[in-house]
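As the structure is a prediction and not an experimental result, all values here were calculated from the model. Both counts, for ligands and for their atoms, begin at 1 and track the order of listing. In this chain, numbering begins with 1 at the start of the sequence shown.
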Amino acid sequence: MTAVDSVKTLCPYCGVGCGLEVLASPQSETAVDGQDQSEHLWKVRGDRAHPSSQGMVCVKGATIAEALNKDRLLYPMIRDSLDEEFRRASWDQALELITSRIQTVLSTQGANGVCMYGSGQLQTEDYYIAQKFLKGCLGTNNFDSNSRLCMSSAVAGYVQSLGSDGPPCCYEDLDLTDCVFLIGANTAECHPIVHNRLQKYHKKNCNVKMVVVDPRRTKTAEDADLHLAIQPGTDIDLLNGIAHLLLRWDCVDADFIANRTEGFLEFAEVTQHYSPDVVSERCGISVNDLELAARWWAESNRVLSLWSMGVNQSSEGTAKVRAVINLHLMTGQIGKPGAGPFSLTGQPNAMGGRETGGLCNLLPGYRHVKFPEQRAELEQFWGVPAGRISPDWGRTAWDIITGLESDDVGLLWIVATNPAVSLPDLERAKAALRRSPFTIQQDAYYPTETAKFAHVLLPAAQWGEKTGIMTNSERTVTLCQAFCSPPGEARADWEIIAEVACRLGFADKFPFTNSADVFAEYVQLTQGRVCDMSGLSHERLRQEGPLQWPIPKEESGEELTTQIYNPDEFHQKAAKPAKRLYTNHQFPTANGRARFSAAHSRGLAEPPDSAYPFVLTTGRLYGHWHTQTRTGRIEKIRQMYPHPFLEIHPRDAARIGVEDHSLIEVRSRRGVARLPAKVTAAISPGTVFVPIHWGELWADQAEANAMTQEKSCPDSKQPELKACAVQLTPVPTEAVKTDYTLFTKTLETSSVSLPL
Ligand SMILES: Nc1nc2c(c(=O)[nH]1)N[C@H]1C(S)=C(S)[C@@H](COP(=O)(O)OP(=O)(O)OC[C@H]3O[C@@H](n4cnc5c(=O)[nH]c(N)nc54)[C@H](O)[C@@H]3O)O[C@H]1N2
Ligand SMILES: Nc1nc2c(c(=O)[nH]1)N[C@H]1C(S)=C(S)[C@@H](COP(=O)(O)OP(=O)(O)OC[C@H]3O[C@@H](n4cnc5c(=O)[nH]c(N)nc54)[C@H](O)[C@@H]3O)O[C@H]1N2
Ligand code: SF4
Ligand SMILES: [Mo]
């Protein structure tokens, strides 16, 4: 492909999904073999025509192009064991090896011996091909993704309460609400362009209220009218406590409850146990603040809740999500402008992953493996034998680890995620990865922490080098167009997976010559579903720009599926995008009603005790993206965050005898890290915070996940990454007042290049 003047695409970082315009800068004539470590060849600016972002970008989007040509994995690499060096291989050799290993596992262990672990950073086409290959052709549901650690509680909560996944709101609601209720979301750092929009509107309209629920006084909390610094894990107490007051004051929408919902009485009974005194005590907030929050819920015509990982990453994540939705149902705050329960997605295509069934319990088009008729629809459409798709959940992210421990996993294929940093209970996870009989890592960069555990490295084309689809938090679907060639021999993820499928004898199922064809097949499976995008194609998106689903096909052709609800009633007939779901208050449940949940708070999976007296929580910083594969290679961002740290309250610091910058050892029952203290009143006493961005490539012993636990929500299987019990010990050395430049690593010093 030749370089072009200007191309529209999407920022490949967070779920805000900002539109970008990429322009070739003059040096790009000299382009690109991927080895160029210094040149900044592409200029990026916000796409003013993109409906979701209107030209705005944050520092990550603005600097993304700088990461394109640094430390790229260029060729397939193989080795026989983890002790050996990698050697370069041709694609043919690498894919033959993978094909024969899969055949061996199929014949010795069966299809369930094969696992793929993917990511919300894949494009929709990549996701779809992987589902068709594993679930449809091989007959195993062992495809899970890092969305298990991210969005699975939101999915389960939406499905259980509203009948289907799919955030019902849109970003326009940010400009139309009377009260925004942010819970477990640090939008200022993690969804910056959503936050900017909110801030602008909030400043202009002094009657609009902003509540932030977060154990830390984050940058987001600083902008709020009310910050509820609850104890970690007490969200359900708080939410049920607000419901208690709304009921006591009779500030509920009785018509909506009577006509559009079910399960209210059980829910109301549960809330009786959450009087203000009880809630204030459990959450560690004042009764006045609790009442103020409830008052704003009661008095606002339109309330918009935004949540993210502080809610989802919990051993009661699904129940937390449902407790948020309960408040919307009891006040009728859904399906209208400026209102609704809005889950902010983390990754750029976490939504596309959900739509294509990219978790081990899902199937494309918001289907679930447990429903026989939904499996049958897929089997028919894919032309595979009846009964091929398993009715059981495949392995979740953590089940892959336990499957390696028990030798039930014979082959692990990791695509676009870095589990050797991002999984919980990391020492255990790494030990399991180390014993994997055969691991493939398909990534854009080398080195990554996970490469250490791989037998085969496959070079992936990334953002800008392949054309495909991504859906952002507000259901806006964008065509991400390629603007340069992949470096070296890198290839698009879907092509790699499809080629292995073809070599295994499924060539007739993968006749695609480009990603537009893949998308055209996939969208047929969404017809009549809540996430209907059967009216979309690459061509239409190229012509018209980004569009929000549902967007059904104009003249509906033959009915593909048995419906679980009547789509005509549900979506407007016209093939126009819809800004909001559920505007007619008809929900995609069997009886059309939304469901209250009646759940008591169960508290933390691992509460603090005398041996491990602090709660460790983990999260993100504005400039860095996850495990730093890209942002760690961008100088400006490295300078913003020269080293990792542990946030601790001044009172706790004094109690254990550390000062700002002193080194602290933080230890849980599972693992340990050593981090410089950042003494700050922004964190509640008893809680400490560690950012997730420093894996072993970037610093010594600074991994947040060394300490975290795998215990997870029983419904969503999402681990409690936001809380575990730790002890803190000052490190008694001259290293107090550490020189942090020694503490962190730069890649130049870490001798990591591949023998080519
Ligand atoms: N800069 C940046 N932005 C990102 C990312 C990134 O890596 N860097 N990653 C993207 C991804 S994949 C995701 S999932 C999102 C995550 O976006 P967020 O969820 O906003 O980010 P986090 O920092 O993980 O966690 C949010 C907050 O939850 C709080 N919290 C901890 N425990 C509790 C609790 O028990 N209750 C409540 N109410 N709050 C609690 C934490 O203090 C933290 O401030 O960000 C996306 N955007
Ligand atoms: N303690 C704790 N742990 C957490 C979290 C937390 O809040 N606390 N958050 C969790 C959440 S929400 C998330 S989303 C995960 C994120 O964790 P990861 O997914 O492990 O983090 P990333 O650094 O985003 O890894 C993405 C990888 O994909 C590669 N890549 C980028 N583009 C492409 C592509 O197009 N194709 C291919 N093949 N590769 C590509 C990158 O080089 C990188 O290696 O971490 C989870 N872990
Ligand atoms: S807000 Fe998110 S999508 Fe927008 S530029 Fe920043 S990282 Fe990219
Ligand atoms: Mo995420």
Side-chain angles (χ1 to χ4, degrees), residues 12-16 58-60 67 73 118-123 126 145-151 182-192 212-216 218 220-221 228 230-235 238 306-314 320 344-348 350 397 414-424 426 441-446 448-451 458-463 465-466 468 490 492-493 496 604 615-631 683 687 689-693 695 703-705 707-708 718-719 721-724:
Y13 289 120
C14 87
V16 175
C58 76
V59 69
K60 294 183 292 303
L73 177 61
S119 151
Q121 293 162 72
L122 293 169
Q123 294 179 333
D126 304 323
S145 88
N146 59 5
S147 284
R148 182 66 61 194
L149 314 176
C150 182
M151 303 314 311
L182 287 138
I183 178 162
N186 181 8
T187 46
E189 301 204 63
C190 299
H191 296 95
V212 169
V213 184
D214 194 308
R216 299 188 301 136
T218 56
T220 310
L228 299 174
I230 60 167
Q231 290 297 311
T234 59
D235 300 78
L238 174 75
L306 301 173
W307 79 86
S308 197
M309 294 307 114
V311 168
N312 292 346
Q313 284 173 342
S314 158
K320 279 195 191 183
L344 291 173
T345 46
Q347 299 174 89
I414 297 166
V415 188
T417 177
N418 195 4
V421 184
S422 54
L423 284 177
L426 199 56
Q441 191 203 11
Q442 185 164 310
D443 205 284
Y445 289 88
Y446 182 90
T448 68
E449 287 82 352
T450 301
L458 296 179
Q462 63 158 334
W463 175 81
E465 299 156 357
K466 59 179 187 180
D493 292 291
I496 301 171
L604 296 177
V615 176
L616 167 72
T617 191
T618 62
R620 296 161 165 78
L621 305 173
Y622 169 63
H624 270 311
W625 179 258
H626 296 158
T627 71
Q628 299 198 37
T629 47
R630 287 186 288 220
T631 52
I683 190 144
T687 303
F689 169 80
V690 174
I692 61 173
H693 305 297
E703 297 158 316
N705 280 324
M707 282 79 67
T708 56
Q718 179 156 358
L721 292 164
K722 281 286 177 271
C724 68

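- The shortest N/O to N/O separation between Thr417 and ligand 2 falls below 3.5 Å.
- Between Ser147 and Ala350, the shortest heavy-atom contact is OG-CB, 4.2 Å.
- Counting heavy atoms under 4.0 Å from ligand 1, residue His624 touches it through the backbone alone.
- Scanning the protein heavy atoms around atom 13 (C) of ligand 2, the nearest turns out to be Arg620 NH2, 3.7 Å.
- Comparing heavy-atom distances from atom 12 (S) of ligand 1 across His626, Gln231, Lys320 singles out His626 as nearest.
- Set against the non-hydrogen atoms of Ala460, the atoms of ligand 2 under 4.0 Å away are 36 (N), 37 (C), 38 (N).
- With respect to atom 32 (N) of ligand 2, the closest heavy atom belonging to the protein is Arg630 NH1, 3.8 Å.
- The protein heavy-atom contact nearest to atom 44 (O) of ligand 2 is Asp443 OD2, 2.6 Å.
- Contact atoms of ligand 1 toward Pro232: 35 (O) (distance under 4.0 Å to a heavy atom of the residue).
- Both the backbone and the side chain of Ser308 come within contact range of ligand 1, each with a heavy atom under 4.0 Å.
- Counting the atoms of ligand 2 from 1 in the order shown, those under 4.0 Å from a heavy atom of Gln442 are 37 (C), 38 (N), 39 (N).
- Near Asn418, with a cut-off below 4.0 Å to any heavy atom, the atoms of ligand 2 are 18 (P), 19 (O), 20 (O), 25 (O).
- The two atoms that bring Lys60 and His624 nearest to each other are CD-O, 4.0 Å, heavy atoms only.
- Of the candidates Val212, Asp235, Thr187, it is Asp235 that places a heavy atom closest to atom 38 (N) of ligand 1.
- Remark: minimum distance from atom 19 (O) of ligand 2 to any protein heavy atom is reached at Asn146 ND2, 2.7 Å.
- Summary of contacts: the protein heavy atom closest to atom 1 (N) of ligand 2 is Asn705 OD1, 2.6 Å.
- For ligand 2, the polar-atom distance check against Thr708 finds no nitrogen or oxygen pair separated by under 3.5 Å.
- By the 3.5 Å distance cut-off applied to N or O atoms, Thr618 is counted among the residues near ligand 2.
- When all heavy atoms of Leu426 and Glu703 are compared, the closest pair comes out as CD2-OE2, 3.5 Å.
- Among the atoms of Gln347, none of the N or O lies under 3.5 angstrom from an N or O of ligand 2.
- The heavy atom nearest to atom 30 (N) of ligand 1, considering only Gly623, Pro215, Gly184, is found in Pro215.
- Contact annotation for Thr218 and ligand 1: only side-chain heavy atoms (C-beta onward) come within less than 4.0 Å of the ligand.
- Atom 47 (N) of ligand 2 has as its closest protein heavy atom Ser422 O, 2.9 Å.
- Counting atoms of ligand 2 from 1 in the listed order, those under 4.0 Å from a heavy atom of Leu721 are 1 (N), 2 (C), 3 (N), 4 (C), 5 (C), 8 (N), 47 (N).
- Considering backbone and side-chain N/O of Ala416, one or more are found under 3.5 Å from N/O of ligand 2.
- Below 3.5 Å of separation, one finds an N or O of Gln121 facing an N or O of ligand 2.
- The closest approach between His693 and ligand 1 falls below 4.0 Å for a heavy atom of the residue.
- Ligand 1 lies out of reach of Ala723, whose nearest heavy atom is not under 4.0 Å from it.
- Only the backbone of Tyr622 comes within 4.0 Å of ligand 1, judged by heavy-atom distances.
- Contact analysis leaves Thr234 out of contact with ligand 1, as no non-hydrogen atom separation drops below 4.0 angstrom.
- On a distance-only criterion, Thr627 and ligand 2 share at least one N/O pair closer than 3.5 Å.
- Applying the 4.0 Å criterion to heavy atoms of Lys722 picks out, from ligand 2, the atoms 7 (O).
- Listed by number with element, the atoms of ligand 2 under 4.0 Å from a non-hydrogen atom of Cys150 are 12 (S), 14 (S).
- The shortest contact between atom 36 (N) of ligand 2 and any protein heavy atom is with Asp493 OD2, 2.8 Å.
- For Lys60, the heavy-atom gap to ligand 1 drops under 4.0 angstrom.
- Numbered from 1 in the order shown, with element, the atoms of ligand 2 that lie under 4.0 Å from a heavy atom of Trp625 read 24 (O).
- Among protein heavy atoms, atom 6 (C) of ligand 2 sits closest to Gln313 NE2, 3.4 Å.
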